[in-house]
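Quick notes on the structure that follows.
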Amino acid sequence: MVDEADQAIPLRVLERELALPKARIPPTAEEFLELLAVPTLISVKGQDTSRTRIVSTLLHGNEPSGLRAIRSWLATGRIPAVNTLLFIGAVRTARLPPGFAYRFLPGRIDLNRCWFPPHTGRVGEFAGEVLRLFNQALPESLIDLHNNTGHNPPYGVSPRIGPEERNLVAYFADRVVHSPLRLGTLVEATQADFPSVTIECGRSRDPIADATALAGLERYLHDHRSEHLAADPPSMEILTNPQRVTVRDGVDLAFGEGPVADAEFTVARDIDRHNFERLEPGVPIGWLAADAGWPIEAVGPDGRDVSRELFTLRKEVLETRRAITPIMMTTNRRNALDDCLFYVVDPPE
Ligand SMILES: [Zn+2]
């Protein structure tokens, strides 16, 4: 097998009218993925060809709702309101057996952490080329569709939450997280150039998340209005001040109903039921082994670890110290270590 680690990442650019007409769209997302084979930018002519919108998805290989929605929509053969660029990112990661299994390839870089300049190295060069094609189209907006690995309602995330961003979120959800964190995401890298939001559609492989993605995509693609993004957005819950909670390097993590033998830190297996819930002080999060050190960090935009302000230890139980609202809690160990355990936001007023 050829080691592709040092080769440039390919990007296919296709015109829907030539390469992907309705008749060529296969019936399943898995077959569609095989047809695409590599990261692909599909350009679709709209009824109004003077404007362009962008949809991005599958930056994480285990988050298929956006890809499923794009496949379903292409299979209808409908013409969108305006020109549309459909970007499908981690196709090769998603194709690895058993399919839609990996966020990113083991030992490689997360495709939604690489969008800030300098665009060097194979992933950076790829990101730079995609951004060049996006900017060349002078888009009026971008949505980037994702899934969570834990139970979550649909919500948007953006470094800005002006009327444009909230109107974009409203196609999909009635909650938005205002996140000034700088992780290197596509939305962080484009928000200064055009309104841009991440949409978390719900849990991977949940049919409800797939339906949320498709319904929102159809509303977005078939909205003929031109000035609506600047209008007053519908009211929505705004969550602020996210802190990213990660497991400290080298801490042996497990999920369980009680402390797992040999694990330094066990997180309650049903923790994700608390997503978007206000937790009062004293709610248990997990268990620490008798000789284990402090297990987590919680870092906001200023880079300071505030984990001891948010959580405390009572005997061997890690519990909330003040009222918080956790979001994006995962019970997938690989995801918790590759990305984070969850985010904490201030409870809504
Ligand atoms: Zn994602």
Side-chain angles (χ1 to χ4, degrees), residues 9 29 33 39-40 54-70 86-96 99-106 108-116 123 126-127 130 142-159 165 168-169 171-173 175-179 181-191 196-206 208-210 212-214 216-217 239 242 244-246 272 275-276 326-343 345:
I9 299 174
L33 205 58
T40 304
I54 299 176
V55 181
S56 158
T57 199
L58 209 66
L59 295 188
H60 294 136
N62 58 348
E63 300 178 7
S65 286
L67 176 86
R68 290 187 196 285
I70 286 175
L86 304 171
F87 173 61
I88 301 164
V91 173
R92 297 187 300 177
T93 304
R95 286 172 64 202
L96 282 185
F100 299 117
Y102 299 93
R103 180 182 173 89
F104 53 91
L105 294 179
R108 298 281 181 80
I109 296 172
D110 187 323
L111 192 53
N112 205 23
R113 298 287 183 271
C114 62
W115 295 90
F116 288 151
V123 179
F126 174 79
V130 172
L142 176 148
I143 55 165
D144 184 24
L145 301 176
H146 288 252
N147 290 108
N148 293 132
T149 50
H151 285 288
N152 281 279
Y155 60 96
V157 186
S158 184
E165 289 78 14
L168 286 172
V169 171
Y171 289 116
F172 296 84
R175 289 182 177 82
V176 64
V177 178
H178 179 212
S179 173
L181 296 173
R182 286 178 62 81
L183 303 173
T185 68
L186 172 61
V187 163
E188 290 161 15
T190 51
Q191 50 101 16
S196 180
V197 297
T198 301
I199 304 290
E200 298 284 354
C201 299
R203 191 175 192 159
S204 284
R205 297 173 188 279
D206 181 345
I208 295 172
D210 293 345
T212 297
L214 180 57
L217 182 72
L239 299 134
R244 188 164 182 264
V245 180
T246 52
D272 57 343
N275 276 322
F276 286 90
I327 64 172
M328 283 181 92
M329 282 179 153
T330 183
T331 55
N332 176 311
R333 184 173 179 276
R334 185 74 264 151
N335 252 70
L337 296 174
D338 280 351
D339 184 22
C340 67
L341 204 47
F342 53 91
Y343 292 79
V345 293

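Just so it is clear, the structure is predicted and the values come from calculations on it, not from any experiment. Values below: all heavy atoms of this structure, side chains included; hydrogens, waters and symmetry mates excluded. Both ligands and their constituent atoms are indexed starting at 1 by order of listing.
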Shortest non-hydrogen contact between Met328 and Asn275, atoms and distance
N-OD1, 3.0 Å
Tell me whether the guanidinium CZ or amine NZ of Arg68 lies under 6.0 angstrom from the six-membered ring centre of Phe100 and within 45° of its axis.
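So Arg68 does make the cation-pi contact.
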Identity of the N, O or S atom of [X] lying closest to the Zn ion (ligand 1):
X	answer
His60	ND1
Glu63	OE1
His146	ND1

Trace of the salt bridge (Lys or Arg N to Asp or Glu O under 4.0 Å) decision for Arg113 with Asp339:
CA-CA 10 Å; Arg113 298 287 183 271; Asp339 184 22; 3.1 Å; yes
Any luck finding a side-chain donor-acceptor pair between Ser65 and Asp210 under 3.5 Å?
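Checked: Ser65/Asp210 side chains pair up, N/O donor to acceptor below 3.5 Å.
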